[in-house]
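Take a look at the structure set out below.
All residue numbers in this chain count up from 1 along the given sequence.
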Amino acid sequence: QVQLIESGGGLVQAGGSLRLSCTASGRTFSSYNKAWFRQAPGKEREFVAAKSWSGGSTYYGDSVKGRFTISRDNAKNTVYLQMNSLKPEDTAVYYCAGSPPGRSIVDPNMYDYWGQGTQVTVSS
């Protein structure tokens with residue numbers, strides 16, 4: 001089992017930045033694909049970014065390309081999401097997730113482990 005705990009959410013003005021962290025406990029997180037998803041009220045869960053278990057591949061949703069960066073620190077069992085140039089439409093609950101290698105990166109149904117979520121609110 002892997003337990004994931006996110007932190008770093010909050011309220012920020014449009015154009016600002018936030019860095020989210022997701023720390024894993026239990027099994028080592030290094031052997032899992034790692035991803036960030038988000039869900040706004042009344043909307044489906046949306047893929048934001050992911051990094052393959054090896055770290056060799058990185059993926060971003062179209063709406064965040066060029067603004068968000070996913071990174072990892074295997075020694076700390078932690079994955080990060082640096083969010084720059086934030087927009088009001090980025091407002092959502094952000095979740096980190098983990099899946100075994102070999103599964104679809106962008107499909108939330110392929111992820112076995114989820115954090116509790118952290119709220120990000122961007123004011124205009």
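The six-membered or imidazole ring of Y59 lies away from that of F47, with a centre-to-centre distance of 6.0 Å or more.
Atom-to-atom distance recorded for K51:NZ and S71:OG is 7.0 Å, nearest 0.5 angstrom. Atom CH2 of residue W53 and atom CZ of residue R72 lie 8.5 Å apart, to the nearest 0.5 angstrom. Interatomic distance, CD of E6 versus CD of Q116, reported as 4.5 Å (0.5 Å rounding).
Of all the heavy atoms in F29 and A97, the pair that sits closest is CZ-O, 4.0 Å.
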All N/O donor-acceptor pairs, side-chain side in residues 10-25, below 3.5 Å, sequence neighbours left out:
residue : atom : partner : partner atom : Å
S17     : OG   : N84     : OD1          : 2.9
T23     : OG1  : T78     : OG1          : 3.1
S25     : OG   : Q3      : OE1          : 3.4

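Side-chain contact between R38 and V64 is present, with heavy atoms from C-beta onward closer than 4.5 Å.
Screening V79, N74, D73 for a side chain to side chain contact (heavy atoms under 4.5 Å, CB included) with K76, the sole residue that qualifies is D73.
The closest donor-acceptor contact from the side chain of R45 to the backbone of N109 lies at 3.5 Å or more, if one exists at all. Panel note: side chain T91, backbone V122; a donor-acceptor pair is recorded below 3.5 Å. Listed for the Y111 side chain is a donor-acceptor partner under 3.5 Å among the backbone atoms of I105. Here the side chain of D112 pairs no donor or acceptor atom with the backbone of S99 at under 3.5 angstrom.
Cluster annotation: V120 is connected to I70 through the hydrophobic network of ILVMFWY side chains, with a link wherever side-chain heavy atoms come within less than 4.5 Å. Neither L86 nor Y95 shares a network with the other; the hydrophobic side chains, linked directly or stepwise wherever heavy atoms of I, L, V, M, F, W or Y lie under 4.5 Å apart, form separate groups for each. Cluster annotation: Y32 is connected to L4 through the hydrophobic network of ILVMFWY side chains, with a link wherever side-chain heavy atoms come within less than 4.5 Å. In the hydrophobic cluster analysis, where Ile, Leu, Val, Met, Phe, Trp and Tyr join through side-chain heavy atoms closer than 4.5 angstrom, Y80 is grouped apart from F68. Residue V106 is not grouped with residue V48 when hydrophobic side chains (ILVMFWY) are merged at heavy-atom distances under 4.5 angstrom, including chains of intermediate members.
When the shell of 6.0 Å around CH2 of W114 is examined, it contains more than 12 heavy atoms from other residues, nucleotides or ligands.
Side-chain polar atoms of E46 and S63 form a donor-acceptor pair below 3.5 angstrom.
The pair D90-K87 does not count as a salt bridge, with every side-chain nitrogen at least 4.0 angstrom from each carboxylate oxygen.
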